[in-house]
Peer 1: 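Have a look at the structure that comes next, please.
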2 protein chains.
Amino acid sequence: MGPKEISNISVDCVVFGYDIKRKSLNILLIKRYLESETGSSVLVDDYVLTGYHVYEHETLDEASSRVLNKLTGLTNLYKKQFKAFGAPDRLMGEADQIWVKKKQFSPRTFTIAYYFLLKTEDVTLEGNANKAKWFPIEELPRLGFDHEKIIKEAHEDLKVKCLSEPITFELLPVKFTINDVQDLYQSILGIEIDNRNFRRKLINKKYIIALGEKQTGVSKKPAQLYMFSKDVYDKVFNKNYLISI
Amino acid sequence: MGPKEISNISVDCVVFGYDIKRKSLNILLIKRYLESETGSSVLVDDYVLTGYHVYEHETLDEASSRVLNKLTGLTNLYKKQFKAFGAPDRLMGEADQIWVKKKQFSPRTFTIAYYFLLKTEDVTLEGNANKAKWFPIEELPRLGFDHEKIIKEAHEDLKVKCLSEPITFELLPVKFTINDVQDLYQSILGIEIDNRNFRRKLINKKYIIALGEKQTGVSKKPAQLYMFSKDVYDKVFNKNYLISI
DNA sequence: TTAATAAACGTCATATTAACGTTTGTTAAG
DNA sequence: CTTAACAAACGTTAATATGACGTTTATTAA
């Protein structure tokens with residue numbers, strides 16, 4: 001018997017995974033599926049975020065990391081607790097009620113939502129028991145509970161956050177090109193950015209460090225590789241209070 | 001008998017009140033006091049945020065507004081749900097345990113924390129049953145539970161938020177001077193700002209509208225009064241994605 | 001009448017931004 | 001080989017914003 005669970009409180013994880021090859025910001029989702037007794041009809045067939053009840057002796061941060069680790073095997077990722085959801089009807093969709101009954105969830109469950117940032121290539125989905133799958137943020141499937149709302153709010157939070165803090169590098173490999181960063185910002189924000197201005201801005205940052213190396217295995221002019229230095233960022237970064245209202 | 005309470009979930013409200021006369025950003029706190037049976041010693045004597053359990057049929061937003069309204073009588077204030085707190089030991093301080101026992105709190109209570117923005121002058125504290133009191137953010141008293149941590153995190157969130165959104169006007173009267181706004185930013189951020197540059201920046205905003213009027217009852221050159229136009233802000237404001245990492 | 005003081009206006013060098021144009025280095029096709 | 005295609009990388013310019021100051025103006029109290 002495992003640790004005791006708190007029946008009406010869970011954590012849910014919005015896992016953002018950037019696919020650098022496809023230039024696509026993805027969300028990792030788990031399949032929910034249930035047939036009727038006779039197998040004659042499908043009662044539940046959609047996707048949900050990964051989540052679980054909080055244990056009796058664990059913090060919210062610990063719970064979220066546990067849940068994320070169970071699904072992906074990964075630890076020490078960037079994460080942010082961004083909002084709690086607890087509307088009385090949040091588990092009250094038609095399919096949700098069937099699911100809640102089957103799983104014996106408390107019908108009034110509050111969830112503390114986190115988002116995580118990682119590279120899709122760092123996760124192995126083959127043979128996972130959860131039928132987990134990546135979906136581009138712009139092409140989400142039908143979602144259970146209030147998870148579409150949770151994802152939308154996570155995305156909005158990420159949009160704002162990535163403008164003021166260097167969290168984007170959590171979504172990229174250690175070595176990246178300037179255009180990789182631009183593609184990522186475009187994927188997150190859903191906008192087009194002028195390459196020449198973006199490039200100049202990024203190259204001028206002291207914490208964006210040009211490595212001597214170039215890309216290999218590309219069929220065009222290979223790009224210069226760069227890395228992000230957190231050390232330089234923490235020291236050099238001008239914590240100026242720029243009022244931009 | 002009132003609505004049924006969810007025993008292990010509460011909302012807590014960090015009430016930011018700006019005192020324009022004293023140029024002070026304040027927090028509204030409630031006294032916790034308890035003597036031993038014989039009255040020979042003080043068991044609990046500190047302050048806490050206003051908060052309460054969430055009711056069975058109510059959303060988190062509704063719960064926070066209810067709690068805020070009960071204390072201040074006010075509605076329709078700017079509010080933000082900024083974080084959930086649920087560490088297993090968050091009610092485990094010495095005084096806290098005595099209090100939790102007396103009040104029959106669930107020892108593992110999760111709280112969803114909100115902050116509210118208002119003007120101290122809009123709240124009447126005389127004769128309130130809660131012995132509520134304003135404290136300057138820099139001079140907080142001894143606090144119960146994890147409420148010091150909650151206040152600190154609310155303040156950090158407010159610092160960031162006020163740089164990118166015009167929420168500061170929630171803390172000021174409808175008619176204000178440029179220097180009022182500067183004093184407010186200085187109070188929130190704890191920094192000094194150059195008056196000439198700040199003034200220029202603010203006056204150039206289309207949504208900062210000069211009224212024809214001047215201050216009255218001051219013993220120096222009376223300042224021009226301005227107002228903030230949300231309409232103009234919503235229309236005119238350049239929702240530019242300024243990447244400032 | 002004047003001293004004190006906060007409000008309001010002004011200056012200037014530098015930095016940043018948006019909106020473009022141009023050159024360079026590489027591979028693949030002819 | 002030569003060249004077309006194309007992404008990478010560099011450059012230009014005008015407009016605007018910023019930081020760091022100096023100066024003038026309007027008001028009240030002495």
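Every value quoted in this text rests on a predicted model; they were computed, and no experiment measured them. Residue numbering restarts at 1 for every chain, and letters A, B, ... go by the order of the sequence lines.
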Peer 1: Would you say that A:Leu143 contacts A:Val48 through its side chain, given a criterion of any heavy-atom pair below 4.5 Å between the two side chains?
Peer 2: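 Result no, sub-4.5 Å side-chain heavy-atom pair not found.
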Peer 1: For B:Tyr241 and C:dT16, what is the distance between atoms OH and C1' respectively, to the nearest whole Å?
Peer 2: 21 Å
Peer 1: Given ring pair (Phe, Tyr, Trp, His ring centres under 6.0 Å), test B:Phe110 with A:Phe110 step by step and report yes or no.
Peer 2: CA-CA 10 Å; B:Phe110 293 77; A:Phe110 293 77; 9.7 Å; no
Peer 1: Please output the side-chain donor-acceptor pairs of residues 218-229 of chain A that fall under 3.5 Å, not counting sequence neighbours, one pair per line with the distance.
Peer 2:
unit_1	atom_1	unit_2	atom_2	d
A:Ser229	OG	A:Val232	N	3.0

Peer 1: Roughly how many Å is it from CZ in B:Arg199 to P in D:dG19, rounded to a whole number?
Peer 2: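 After rounding, the gap between these two atoms is 17 Å.
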Peer 1: Only distances under 3.5 Å count here; give the side-chain donor-acceptor pairs of residues 145-152 of chain B to other protein atoms, sequence neighbours excluded, each with its distance to 0.1 Å.
Peer 2:
unit_1	atom_1	unit_2	atom_2	d
B:Asp146	OD1	B:Arg90	NE	3.4
B:Asp146	OD1	B:Arg90	NH2	3.1
B:Asp146	OD2	B:Arg90	NE	2.7
B:His147	ND1	B:Leu49	N	2.9

Peer 1: Whole Å only: how far is the CG atom of B:Asn204 from the C1' atom of D:dT16?
Peer 2: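 Going from CG in B:Asn204 over to C1' in D:dT16 covers 10 Å.
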Peer 1: Would you give a per-nucleotide map of nucleotides 21-30 of chain D, 5' to 3', where B means the base has a protein non-hydrogen atom under 4.0 Å away, S means only the sugar-phosphate does, and - means neither?
Peer 2: BB--BBSSS-
Peer 1: Between atom CD1 in B:Ile203 and atom C1' in C:dC9, what is the gap in whole Å?
Peer 2: 9 Å
Peer 1: In chain order, what residues pass the ring-ring contact (aromatic ring centres under 6.0 Å, His included) check against A:Tyr185, with sequence neighbours excluded?
Peer 2: A:Phe198
Peer 1: Of the nucleotides C:dA7, D:dA20, C:dT17, which one has an atom closest to the side chain of B:Arg200?
Peer 2: D:dA20
Peer 1: CD1 of A:Ile243 versus P of D:dT18: gap in Å, rounded?
Peer 2: 10 Å
Peer 1: Can you list every salt bridge (charged side-chain N to carboxylate O under 4.0 Å, His left out) pair that touches residues 161-177 of chain B, not counting sequence neighbours?
Peer 2: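 Residue pairs passing salt bridge (charged side-chain N to carboxylate O under 4.0 Å, His left out), neighbours aside: B:Lys161-B:Glu165, B:Lys175-B:Glu213.
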Peer 1: Looking at DNA chain D, which of residues 176-193 of chain B put a heavy atom within less than 4.0 Å of it?
Peer 2: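 Those residues whose heavy atoms fall under 4.0 Å from DNA chain D, taken from residues 176-193 of chain B, amount to none.
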Peer 1: Under a 4.0 Å threshold between the charged nitrogen and the carboxylate oxygen, would A:Asp45 count as salt-bridged to A:Lys31?
Peer 2: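 A salt bridge links A:Lys31 with A:Asp45.
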Peer 1: How long is the line joining CD of A:Gln215 and C1' of C:dG25, in whole Å?
Peer 2: 13 Å
Peer 1: Check the orientation of B:Tyr115 and B:Phe82. Use parallel for under 30°, tilted for 30 to 60°, and perpendicular for over 60°.
Peer 2: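 B:Tyr115 vs B:Phe82 ring planes: tilted.
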Peer 1: Side-chain contact, heavy-atom cut-off 4.5 Å: B:Gln81 with B:Ser64?
Peer 2: no
Peer 1: To the nearest Å, give me how far apart CZ (B:Phe198) and C1' (C:dA6) are.
Peer 2: 16 Å
